[in-house]
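Step one of this worksheet: look at the structure below.
Order of the sequence lines fixes the chain letters, A, B, ..., with proteins taken first and strands second; residue numbering starts at 1 for each chain.
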Number of protein chains: 2
Amino acid sequence: MSLVIVGSVAFDTIETPRERREKIVGGSGTYCALAASFFTRPKIVGVVGRDFPKEAIELFKKRKIDIGGLKVKEGKTFHWEGRYGCDPNQRTTIRTELNVFEDFKPELPSGYWGADILFLANIDPDMHEPILKQVQKPKLVAMDTIRLWIETKPEALFRELQHVHLFFANDEEIKLLSRETNLIKGGRKLLECGPSIIIVKKGEHGALVFGKEFIFGLPAHPCEEVIDPTGAGDCFAGGFLGYLDKVKDFSGREIRRAAVFGSVLASFAIEDFGIDRLKSLTQGEVEARFRYFKRLVSF
Amino acid sequence: MSLVIVGSVAFDTIETPRERREKIVGGSGTYCALAASFFTRPKIVGVVGRDFPKEAIELFKKRKIDIGGLKVKEGKTFHWEGRYGCDPNQRTTIRTELNVFEDFKPELPSGYWGADILFLANIDPDMHEPILKQVQKPKLVAMDTIRLWIETKPEALFRELQHVHLFFANDEEIKLLSRETNLIKGGRKLLECGPSIIIVKKGEHGALVFGKEFIFGLPAHPCEEVIDPTGAGDCFAGGFLGYLDKVKDFSGREIRRAAVFGSVLASFAIEDFGIDRLKSLTQGEVEARFRYFKRLVSF
């Protein structure tokens, strides 16, 4: 199988109560592809400027990520700056410089057209259609979103939800989109908007997966110190979809296991700044944490 | 074995965005004993006024709750009034009339002295010692608390934590007591204050159990409509301790299962106002929901 990820490859400047990091490598596509690379060889579609570091490109290659769809353009790479409060769930965007991402029109190399799984990571819903047209017969299309699109393009978002099988969102996004204060009601309501699976990421409270005939719940990995929550949601999606691409099976059983691997990858991502923890992460650590989750919930 | 519960037996006036109920039967001792009665024959210690309804006493008897420790005094029953917002986690206390509860000095009938499990439900920490003196050799002592005692009697609370095996708290209480924003750090910190087990109730996000050598996590039962959250925490404790009293085994395995039964009872309690759902609840429904939790988390 093959997994194509369309998303941002960017610089992040991150401030937490303890530390500030300037222009480190980030972006939804970056996190997602790195996480997925523990299961499969994802193909990434994105754009960077000439200032994007060679070391990051080397890391993608080392992790066997196909970067045929990653364009390098004249200009500067997308740069986002954010600040976290003492509660890592509280995030403020300080600055967003789109730069080369501003007029990003994703073009998929011919080797990507036969993708089995397509992930549209946090991108403008109006960009979905032209991307979908470039993929011949995807078995599974997944999307994610951000508050920005919910607030500025809700109609486009609901239109695109009709064309996807899987929708990843955090609890706040589910409540905003469904206009429900109860997350279970909200999740079930969104199931009626198109997707057959809704995945709700709740940060320190774990995740919920809504299928047409089942609900799966998982607590979060008990993490004593969240160093940097950036990219946790993207790593969740990357681990989830990377695993599905590997097992080639979208049954309820594998969807549940995919959610656990999503949680595993997200739980590692927050243990260090940016993509640092993913750089040192080993296959053995991923598998050991999957087993930890088994023990965590067993009764 | 035997389980003795010391707590309030009261009237509650409850307002939710949908409905208002005046002076319905409630209180931590009431909820806890009713929940525990699905597993064992709990003994309750409390005080009510002459205005407390006979039907509630009859319900206790029907559920085989030992009311030998429930005093009826001249005067009015403790009356609490609270209001919930659209988010059922947001609760405002409108009024607290202690009435006969004001000078409640718990006296345990001699039949209670040999209790194996003692639960101190939300009561003034300064009342713990005189109660503990009345119980000969409890195998397990558990306590709960409320924000009021954390804010007004923190020293007494920490002193009493040293004398208990199990401590039930919600996430807000854990953070307040431990002065940690991270719940895992907070839970582990409180483990060092005396109890060997800390149970964190997180409402719609489920529960966490911290042992010296394990952590157990469980999502909440996916409830689409919380009618009245009052008493959910007390039912959690009642289901938990009632189950332990039944199985007579405090091993890690049974502690985990007890937490699931706690969640089961809490999940029923919120489905109707006050104790109404507990009145109609059957043993079969309790067992079916336990099996539902198994499916909810299995992967």
Side-chain angles (χ1 to χ4, degrees), chain A residues 17 84-90 171 175 179-189 200 202-210 213-227 243 252-263 267 270 290 292-299, chain B residues 17 84-90 171 175 179-189 200 202-210 213-227 243 252-263 267 270 290 292-299:
Chain A
Y84 294 94
C86 284
D87 174 353
N89 300 313
Q90 287 169 343
D171 38 0
K175 288 179 181 178
R179 295 171 185 268
E180 291 285 351
T181 50
N182 179 294
L183 202 53
I184 309 300
K185 227 178 200 168
R188 287 204 169 126
K189 203 166 161 184
V200 187
K202 304 194 296 170
E204 63 169 332
H205 298 302
L208 280 173
V209 180
F210 294 87
E213 276 148 22
F214 72 94
I215 294 187
F216 172 59
L218 189 74
H221 180 254
C223 175
E224 284 208 32
E225 190 157 25
V226 177
I227 299 291
Y243 175 76
R253 179 174 182 264
E254 293 301 353
I255 292 286
R256 287 164 179 258
R257 292 169 65 93
V260 181
F261 277 113
S263 303
S267 75
I270 62 178
F290 181 85
Y292 179 91
F293 269 99
K294 271 266 186 205
R295 291 195 301 278
L296 178 67
V297 302
S298 79
F299 64 85
Chain B
Y84 294 93
C86 284
D87 174 353
N89 300 312
Q90 287 169 343
D171 38 1
K175 288 178 181 180
R179 294 170 187 269
E180 292 286 351
T181 51
N182 180 296
L183 201 54
I184 309 299
K185 227 178 198 166
R188 287 206 169 123
K189 204 166 159 183
V200 187
K202 304 194 296 170
E204 63 169 334
H205 297 303
L208 281 172
V209 180
F210 295 87
E213 275 149 22
F214 72 94
I215 293 186
F216 172 59
L218 189 74
H221 179 253
C223 175
E224 284 207 32
E225 190 157 25
V226 177
I227 300 290
Y243 175 75
R253 178 173 182 268
E254 295 300 352
I255 292 287
R256 286 166 179 257
R257 292 168 64 93
V260 181
F261 278 114
S263 303
S267 75
I270 63 178
F290 181 85
Y292 180 91
F293 268 100
K294 271 267 184 205
R295 291 195 301 278
L296 178 67
V297 302
S298 80
F299 65 85

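Only the side chain of A/Asn182 comes within contact range of chain B, with at least one heavy atom under 4.5 Å from a heavy atom of that chain. Contacts between A/Phe210 and chain B at a heavy-atom distance below 4.5 Å are absent for every atom of the residue.
Take B/Glu180 and apply the side chain to side chain donor-acceptor pair (under 3.5 Å) test, not counting sequence neighbours, and it matches B/Lys189. Residues forming a side chain to side chain donor-acceptor pair (under 3.5 Å) with A/Lys175 (at least two apart in sequence, or on another chain): none.
Contact tally against chain B (heavy-atom pairs below 4.5 Å) for A/Glu204, A/Lys294, A/Lys202: the top residue is A/Lys294. Between chain B and the residues A/Cys86, A/Ser298, A/Gly252, the most heavy-atom pairs under 4.5 angstrom are made by A/Ser298. Of all the listed residues (B/His205, B/Glu225, B/Arg253), the one sharing the greatest number of non-hydrogen pairs under 4.5 Å with chain A is B/His205.
When each of A/Tyr243, A/Phe293, A/Phe290 is paired with B/Phe299, the ring pair (Phe, Tyr, Trp, His ring centres under 6.0 Å) condition holds for A/Phe290 and for no other.
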With a 3.5 Å cut-off and sequence neighbours excluded, list the donor-acceptor pairs that the side chains of residues 214-224 of chain A form with protein atoms.
| unit_1 | atom_1 | unit_2 | atom_2 | d |
| --- | --- | --- | --- | --- |
| A/His221 | NE2 | A/Arg289 | NE | 3.4 |
| A/Glu224 | OE2 | B/Arg188 | NH1 | 2.5 |

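Annotation: residues 255-263 of chain A contacts chain B through A/Arg256, A/Arg257, A/Val260 [non-hydrogen atoms, separation under 4.5 Å].
Separation of atoms OG1 (B/Thr181) and CG (A/Asn89) is listed at 10.0 Å; rounding is to 0.5 Å.
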